[in-house]
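Everything below concerns the one structure shown next.
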2 protein chains.
Amino acid sequence: MALRSISTQRRRLADEVYDQLVTAIMDRDIGPDDRLVQEKLAAEMEISRTPVREALLRLEKEGVLNVANSGGFRLAKISEEEILELYQARAAIEGQAARILAARQDPEELEALRAFIIKAETLENPTTRDYFVANRSIHRQFMDAAGNRFLLEMFDMIWGRAMAFHLFAAIEHTDISKSLGDHIALVDVLATGDRAQALEQFTAHIQDGFDLHIDGIRRSQ
Amino acid sequence: MALRSISTQRRRLADEVYDQLVTAIMDRDIGPDDRLVQEKLAAEMEISRTPVREALLRLEKEGVLNVANSGGFRLAKISEEEILELYQARAAIEGQAARILAARQDPEELEALRAFIIKAETLENPTTRDYFVANRSIHRQFMDAAGNRFLLEMFDMIWGRAMAFHLFAAIEHTDISKSLGDHIALVDVLATGDRAQALEQFTAHIQDGFDLHIDGIRRSQ
DNA sequence: CTGTCAAAGACTGTATACAGTATCCAGAAC
DNA sequence: GTTCTGGATACTGTATACAGTCTTTGACAG
């Protein structure tokens, strides 16, 4: 008998702090004007500075936070330029996953993807955030299926940063049914086995997202 | 006029430790059997445990180190499977950069790349490591030219990990002149402006690297 | 009113101390 | 001889203490 270890990885306080900060940022509890100071956060959370410091430095290395010149950390700003770069990076990562999946062309796998998409997009009265979460989970599922841990890691990095930057708050909640058609079409192109075409279509899909995004930003200004 | 800040970022002791560990790994001063213990390293470097801990945790998060079950950190092992994934990720990142460069098709930029390649490959009695470094710097130059900071970040992540894993030690020192032709040909395809073709050729170039690599590993066993 | 200098304050980085947990070993029990 | 069980050991995570640096502010000189 081989029992799995109960907790594969010890949970550190720093991880807890990290998670709390991330959700706080996503929930807009932390805004661009807030200054995050180690001592204050530690006091607030009733722990010592050490784990707080660790979490803050991690977020800084990930590009989510910047050191403020007067000490403390601030939310990093993102420019329109950087948004474009983020989408370009997405296209690179997810396009490659598409190539891999198209080359493999595993019918079972593709069927599972279809099922996943339909399930994920069955939302009642979805908010913008619901839509975002569903969209992300669908795209992540493609990545997961491709089975390359580095690509997956980069995917999470990109989307994590996007969330941190409230990047999708500007997106109008688009028609789900249209999007569903899009995602299913992505599976269809994988089924053809044409790698170049798969890449192209994924890239185009992401490009659509970008256009929508920029449009949303422009209109919200 | 926009003057750059003198010291963009304060240098922390942890960074120093990190760098030392990375070079030690690359120089094989740290092998797969060594156990890295915070206290011992700290004592050896005559500093406290805090910055050492920080550096070790960073390397762990980057996948270079693993926590050993008996405490301390060990070099992470990499499988042949993971090497493939690493190359796939490379293809994704660098292929996208190629698309960007081909789309831009800036003659000056391409000329600069050519010059860089020729300069970088002018090596006398190069060792395997010299070759590796030159190759890396050439590829990085392409990425740099593409001008996407996320792609560049991922590039560094991938190559950093590759170095940490001694991934290129197995590669026989191949004929530089052949490789030079290859790299110049990469610039040529960018000059045509054909994005799909550019992607294809970069991917093929990286595939060649992979084949060589696997071959090297197989032969060294 | 403006510019300069000094002192205070705020925060960080580093060191050290403390507590908890997992591992390993020795000796007892069978 | 093998297996179990304490206890010592080793190492980490967290807290706290200390020292240095950067910013800001206030007073004074021009």
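Residue numbers start from 1 in every chain, and the chains themselves are labelled A, B, ... in the order their sequence lines are given, proteins ahead of strands.
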[atom1] of [X] versus [atom2] of [N]: gap in Å, rounded?
X       : N      : atom1 : atom2 : answer
B:Leu13 : C:dT12 : CG    : C1'   : 13 Å
B:Phe73 : C:dA22 : CZ    : P     : 16 Å
B:Leu36 : D:dA10 : CG    : C1'   : 16 Å
B:Leu41 : D:dT12 : CG    : C1'   : 14 Å
B:Glu54 : D:dT12 : CD    : C1'   : 16 Å
A:Leu57 : C:dT14 : CG    : P     : 10 Å
A:Tyr18 : D:dT14 : OH    : C1'   : 21 Å
A:Leu65 : C:dT12 : CG    : C1'   : 15 Å

Applying side-chain contact (heavy atoms from CB on, under 4.5 Å), can you list everything that pairs with A:Arg35, at least two apart in sequence or on another chain? A:Val37, A:Ala68, A:Ser70, A:Arg74

Which residues share a side-chain contact (heavy atoms from CB on, under 4.5 Å) with A:Val187, sequence neighbours left out: A:Leu110, A:Leu113, A:Arg114, A:Ile117, A:Phe142

By ring pair (Phe, Tyr, Trp, His ring centres under 6.0 Å), B:Phe116 pairs with (sequence neighbours left out) none

Geometric class of the B:His183/B:His139 ring pair [parallel <30°, tilted 30-60°, perpendicular >60°]: perpendicular

Return a table of donor-acceptor pairs under 3.5 angstrom between the side chains of residues 44-51 of chain B and protein atoms on other chains or two or more places apart.
residue, atom, partner, partner atom, Å
B:Ser48, OG, B:Thr50, N, 3.3
B:Arg49, NE, B:Gln38, OE1, 3.0
B:Arg49, NH2, B:Gln38, OE1, 3.3

Between the protein and nucleotides 9-11 of chain C, are there any N/O to N/O pairs under 3.5 Å, and if so, what are the atom names and distances?
residue, atom, partner, partner atom, Å
C:dC11, OP1, A:Arg35, NH2, 2.5

Residues that [X] engages under side chain to side chain donor-acceptor pair (under 3.5 Å), provided they are two or more places apart:
X        : value
A:Gln207 : A:Asp211
B:Asn66  : none
B:Glu109 : B:Arg104

Looking at B:Tyr18, does the NZ or CZ of B:Arg58 lie under 6.0 angstrom from its six-membered ring centre and within 45 degrees of the ring axis? yes

Set of residues satisfying salt bridge (charged side-chain N to carboxylate O under 4.0 Å, His left out) with respect to B:Asp34, sequence neighbours excluded: none

For B:Arg140, enumerate each residue passing the salt bridge (charged side-chain N to carboxylate O under 4.0 Å, His left out) test, keeping only those at least two apart in sequence or located in another chain. B:Asp156

Short of 4.0 Å, heavy atom to strand atom, which residues of residues 44-53 of chain B count as contacting DNA chain D? B:Arg49, B:Arg53

Taking five pairs at each end of the helix from C:dC1-D:dG30 to C:dC30-D:dG1, what angle separates the two helix axes (nearest 10°)? 0°

